[in-house]
There are 2 protein chains.
Amino acid sequence: MSTIFFLIYMFLNMLSTYLKPEIIRNRINNTFDNIAYIRYYIRKLIGQAKSINLQSTLSIDMAVTIRDIARRVGVTKATVSLVLTGGKSSVRISDTTRNKVLEAAKALNYFPSFHARALVKGRTFTLGLVIGEIHSPYYSELASLAMEEAESQGYHMLVSVTRWSVEKELECLDMLLRRRVDGILFATAALRPGVRQFDYLQEQKFPIAHLGFSTGFSSVRSDWEPGMDQAAEYLQGKGHRRIGFLVGSDFELVGDERRIALEASCAKRGLACEVVRCSPTIEAARLAGAQMTRSNDRPSAVIVQSDHLAIGLIRGLHDQAVHVPDGISIIGCDGTRDGESSIPSLTTIAQDLRRQVRESVEIVLQMIANREMPRKDILIPTKLIVRDSA
Amino acid sequence: MSTIFFLIYMFLNMLSTYLKPEIIRNRINNTFDNIAYIRYYIRKLIGQAKSINLQSTLSIDMAVTIRDIARRVGVTKATVSLVLTGGKSSVRISDTTRNKVLEAAKALNYFPSFHARALVKGRTFTLGLVIGEIHSPYYSELASLAMEEAESQGYHMLVSVTRWSVEKELECLDMLLRRRVDGILFATAALRPGVRQFDYLQEQKFPIAHLGFSTGFSSVRSDWEPGMDQAAEYLQGKGHRRIGFLVGSDFELVGDERRIALEASCAKRGLACEVVRCSPTIEAARLAGAQMTRSNDRPSAVIVQSDHLAIGLIRGLHDQAVHVPDGISIIGCDGTRDGESSIPSLTTIAQDLRRQVRESVEIVLQMIANREMPRKDILIPTKLIVRDSA
DNA sequence: GTGAAAGCGCTAACAA
DNA sequence: TTGTTAGCGCTTTCAC
């Protein structure tokens, strides 16, 4: 009697093992072709029979998966995966199978799920770029170059704009971390010691490079000394004795390095250096230009914190009939493209943006490869480009 | 005898049930604190004991998961998930538990995995933006506005730059589909009927809006007629009889609509309209400007396909001492910001970019909500902004 | 050369 | 109020 019990029990046990939903599904999936509603009804039937969780079964998603391919070809998901991941694995797949799988993938319009892959691999091959804005020439160029550079290294770039708000910057950061980017390029400066995210990233040795600033992580910045010195020398050569410097005050971190470099150079050369401040908008610069014309006692040359503001300043001077470079000499900073075609074209202290981007991406990639990489701070020299405005 | 067999078998069966790796892991995980290497060794031990797959266990990932929180608080993953997803669900969690969970999440620096969530929800709350470039004023403004708009609707924007290459555009598209974006904003024009991706998206009724073009999906474009007509009227009022139109030839689709609108308007008004072509770079426009000065028989006013090229053209004219607007009148198209501060400031036919972006995001969101939404084609009127260049 | 199955982190239906 | 469990789509180890 017990023997019978035993046998029945064994049978049931076997059954229950082989009735594991995943296994049933595999079997059934292999039987039918890729018609979503058949899949749907089958799952539903299984669900009714075995009380399977129906959650997202209810919303039929049309995306094709490796299972659909497997079913069509008559192999298992594993085989399909091996074929599609390039098969660099030691496991070999027969050419017949491989071709069938590839064909099926094409026929069914298969797009591998990035998320599934990210989940299992723990890597996303995506970098994040935290940036204040992307609609000004300098930053859009930066973003553009960064995306290009990342792509050339086999990564994607996830751009995240902070609109220069500290709060938003931390949000962006959270977002990037939730998205599990492999590394981050920082082109803003809110993240500083003491902020929770900062400490976390520091502690995790998270692959980060700071671009244009330096507040604790590896950084890549412009060295303003050579450029500013060339500018001062150039202006001195032209007979200027008093040099103005226009700072857009919201970007203190940006402006200060430049200002300090200029002041040092002026001091060295015995030139007067006068700092003027305005808001970091082109309209403010324009206003500053207009105001400048009202004083008879103004510097004969002004270096402006950015090309963008320089163009505003020139415009403001022009509004008051003070022309550049005859009435006053203007030099911008950054070396953006729009200084080339402006009238007058802009003499500028150019940053090597491409090289900065390249170096910072490289730092991040190195840190991805090895989190123990020591901190690096790279300075990239600026240089004067002489055009018409000074 | 068989009874003993039976009992042993039952025991073994029970054991095997309770030794399901996931269950063991849960139990053990709840016992220890969040120390990655302990986790690692435990898994490894289990692995040795039960021959568990060690795959990614080998690369200890430091990311904190809901399991870590659950373990710390002493509840299950499900509870944690309920707390963290906002608990809008009917299930209620005691305040004690909730607080403990939230605290633990903060203490452990928990960042929910976007990918895991995307996988299970089938939604990413991410839109893709396919765009040709982001370093020119018009497109960087477009990208910027699109990101802002998406964000205000609770979505993120994944920007994907095609560098105006058809091939690259299709790659970008694949990328976005692999990343399972919920919808796509198209600001380029390579995707046309016949292309595999096009047919696929069409068939899937994938949420797409075409911005600036119209090749088969819902679209949002500028209506150039009013703006061009205003421009023609304005120029006519100033006594111009021959109007030139400068097209950057690579953007035929862009240029043609504008040209056709202008030609129609000129015909209506009895004005001559002369089309000049150049490459779509600012340098080419500059060259075109220089060339224009060489002919005595040139139009007295030129409308340029974009502000960007207009600035190049003005610069080219300026190089040859033909000044704007005295020597020749120039009108740009697009209404980008840098026309405001240029010298002379640029008269332009402005697009309402913000509204275009808003409408197209809305279309995409509507299609996400309901794929059966019929196709929509929205035209947004342009208008003349008079400044100094004409 | 291919199949079986576990696991990545999370959600949600159902059970208790 | 909380726990249990299946499943999202994919990779990879192990076994045959």
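Fair warning: this is a prediction, and the values are worked out from it, not measured in the lab. Here is how names work: the chains are called A, B, and so on, in the same order as the sequence lines, proteins then strands, and each is numbered from 1.
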**Asked** Counting side-chain heavy atoms from CB outward, which of C:dT11, C:dC8, C:dT2 is closest to A:Leu82?
**Response** C:dT2

**Asked** Between C:dC8 and B:Ser113, is there an OP1 or OP2 to side-chain N/O distance shorter than 4.0 Å?
**Response** no

**Item:** Nucleotide D:dC10, atom P - distance to CZ of B:Arg178 in whole Å
**Value:** 12 Å

**Asked** Is B:Glu171 paired with B:Arg178 through a side-chain N to carboxylate O contact shorter than 4.0 Å?
**Response** no

**Request:** Take B:Leu177 and B:Leu201 through the test side chain to side chain contact (heavy atoms under 4.5 Å, CB included) and record every step on the way to the result.
**Result:** CA-CA 10 Å; B:Leu177 287 173; B:Leu201 293 170; 4.0 Å; yes

**Message:** Quick check for you: among C:dG9, D:dG3, C:dC10, whose closest atom lies nearest to any side-chain atom of B:Pro112?
**Reply:** C:dC10

**Message:** Does D:dC8 have its OP1 or OP2 closer than 4.0 Å to a side-chain nitrogen or oxygen of A:Arg67?
**Reply:** yes

**Prompt:** Can we call the ring centroids of A:Tyr200 and B:Phe111 under 6.0 Å apart?
**Reply:** yes

**Item:** Atom pair distance, as rounded to whole Å: CD1 in A:Ile69 and C1' in D:dG9
**Value:** 11 Å

**Asked** Under the criterion side-chain contact (heavy atoms from CB on, under 4.5 Å), which of B:Val159, B:Leu170, B:Thr188, B:Ile208 is the partner of B:Val130?
**Response** B:Thr188

**Item:** Trace of the side chain to side chain contact (heavy atoms under 4.5 Å, CB included) decision for A:Val73 with A:Glu103
**Value:** CA-CA 9 Å; A:Val73 176; A:Glu103 259 171 47; over 6 Å; no

**Prompt:** Looking across every strand, which nucleic acid part, if any, lies under 4.0 Å from A:Phe114 by heavy atom: base, sugar-phosphate, or nothing?
**Reply:** nothing

**Fill in**
In short, the helix from C:dG1-D:dC16 to C:dA16-D:dT1 is bent end to end, axes from five pairs each side, to 10°, by 40°

**Message:** Please check this pair: side chain of A:Ser218 against backbone of A:Ala209, looking for a donor-acceptor N/O pair closer than 3.5 Å.
**Reply:** no

**Request:** Using whole Å, report how far CD1 of A:Ile66 lies from C1' of C:dT2.
**Result:** 14 Å

**Request:** Specify the separation, in whole Å, of atom NE2 of A:His115 and atom C1' of D:dC10.
**Result:** 13 Å

**Asked** Can you tell if the side chain of B:Leu185 reaches within under 4.5 Å of the side chain of B:Val361, non-hydrogen atoms only?
**Response** yes

**Request:** Examine D:dG9: is either OP1 or OP2 under 4.0 Å from a nitrogen or oxygen in the side chain of A:Arg117? Give yes or no.
**Result:** no

**Request:** Would you verify whether the NZ or CZ of A:Arg196 falls within 45 degrees of the ring axis of A:Phe198 while also being under 6.0 Å from that six-membered ring's centre?
**Result:** no

**Under 4.0 angstrom between A:Lys121 side-chain N/O and D:dT12 OP1 or OP2** = yes

**Prompt:** Any side-chain N or O of A:Ser94 under 4.0 Å from OP1/OP2 of C:dT2?
**Reply:** yes

**Asked** Does D:dG9 have OP1 or OP2 sitting under 4.0 Å from an N or O in the side chain of A:Thr65?
**Response** no

**Request:** Starting at atom CG of B:Asp68, determine the distance to atom C1' of C:dC10, rounded to an integer number of angstrom.
**Result:** 13 Å

**Asked** Whole Å only: how far is the CZ atom of A:Phe111 from the P atom of D:dC10?
**Response** 12 Å

**Message:** Does a side-chain N or O of B:Ser81 approach OP1 or OP2 of C:dT11 to a distance below 4.0 Å, or not?
**Reply:** yes

**Complete:** Between CG of B:Leu119 and P of D:dG7 the distance, given in whole Å, is 14 Å

**Residue A:Lys77, side-chain heavy atoms: nucleotide from D:dC8, D:dC10, D:dG9 that is nearest** = D:dC10

**Request:** Please check the phosphate of C:dG3 (OP1 and OP2 only) for any side-chain N or O of A:Thr79 closer than 4.0 Å.
**Result:** yes

**Asked** To the side chain of B:Val120, which of D:dG7, C:dG3, D:dC10 is closest?
**Response** D:dG7

**Item:** B:Ala78 side-chain proximity, nearest of D:dT5, C:dA5, C:dC10
**Value:** D:dT5

